[in-house]
Amino acid sequence: MLELRAASVAETSVIAASVAALSRAGDLIVLSGEMGAGKTAFAKGYGAALGVTEPITSPTFTLVHTYDIAADRGHGAKALHHADLYRLDRTAEVADLALEELADNDGIVLVEWGDVVDALLGDHLVVHLEMDAADADPAAGDPAAGDPIDDVALTDTTRLIEISASGPHWASRWSRLVEACEPFRC
C-alpha cells in the first residue's frame, strides 16, 4: 500500500495525474472515501492529465459520464468513464452498468463509491481518500455526520490518500507509481 498526504486540492490533482500517466486502456480504478473526501477532485485531476477538456462532474444521478481522452495521452485508451455507485442498492444494478465492458472497449473506468462492490470488480487499483482529522476545519462541517460542507474550507484541507492494487494488473507499474508519488509519501 502506498500512503500519501496531499496538502491541497492542487496536490491531490498532481497525485491523480501521476496515476493517470501510468494508466492504460482496460484499467479500472476505484475511488473510495466519505462524502467530501476528494473523490471528484481526484477524478478532475485525473481527467485533466488525460487531456479531457470537458468539465468533469460527479455522475451521482446519471451514474456514468464518458469523456474523450486526448489521443496522445491515453496509453491506448480512447475514453474515460466516470461512474458513481452511491445511489445503487443492489449488486445487480452494478452489473447492469457493465463497467468491465467499458474498460475492455479501449476505456479507463473511474468508479466513485466502488468500494462497496470491491470484490465484484476484478483486477483494479483502489484510491482511498480521507480528510486528515488533524487538519480539519470545524467550520467546514463533518460530511461523515451529514453536516453541510464548506467547499472553500475543503480546498486547503489535507487529505490522506492510500493507493493499493487488487490483482496483478498494476504489478508491473507499481514501482513507477511509488516513484512518481514519492514527494507526497507519509
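In what follows, every heavy atom counts, from backbone to side chain, and hydrogens, waters and symmetry copies are set aside.
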With a 4.5 Å heavy-atom cut-off, do [X] and [Y] have their side chains touching?
X	Y	value
Leu177	Val19	yes
Arg185	Leu4	yes
Arg5	Glu11	no

With rounding to the nearest 0.5 Å, note down the distance linking [atom1] in [X] to [atom2] in [Y].
X	Y	atom1	atom2	answer
Leu110	Leu80	CG	CG	5.0 Å
Cys181	Ile163	SG	CD1	5.0 Å
Glu3	Ser164	CD	OG	10.5 Å
Leu28	His124	CG	NE2	7.0 Å

Using side-chain contact (heavy atoms from CB on, under 4.5 Å), reason through His65 and Ile56 one step at a time and then give a plain yes or no. CA-CA 8 Å; His65 290 165; Ile56 293 179; over 6 Å; no

With a 3.5 Å distance limit and no angle check, can you tell me whether Arg24 reaches the backbone of Leu22 through a side-chain donor-acceptor pair? yes

So, does His81 use its side chain to make a donor-acceptor pair with the main chain of Val64 at under 3.5 Å? no

With under 30° as parallel and over 60° as perpendicular, where do the rings of Tyr67 and His82 fit, or are they tilted in between? tilted

Where [X] and [Y] come nearest, the two heavy atoms and their spacing:
X	Y	value
Thr158	Ala7	OG1-CA, 3.9 Å
Ser13	Ala41	OG-O, 4.2 Å
Ala16	Gly45	CB-C, 3.9 Å
Ser166	Asp123	O-OD1, 2.8 Å
Ser23	Ile108	CB-CD1, 3.9 Å

Could you list the residues that satisfy side chain to side chain contact (heavy atoms under 4.5 Å, CB included) with [X], not counting sequence neighbours?
X	result
Thr12	Ala6, Phe42, Leu129, Arg159, Ile161
Glu130	His128, Leu160
Ala20	Tyr46, Ala49, Leu50
Ala165	Leu125, Trp170, Trp174

Test of understanding: with side chain to side chain donor-acceptor pair (under 3.5 Å), list the residues that count as partners of Arg176, not counting sequence neighbours. none

Summary of salt bridge (Lys or Arg N to Asp or Glu O under 4.0 Å) pairs that have at least one residue in residues 38-66, sequence neighbours excluded: none

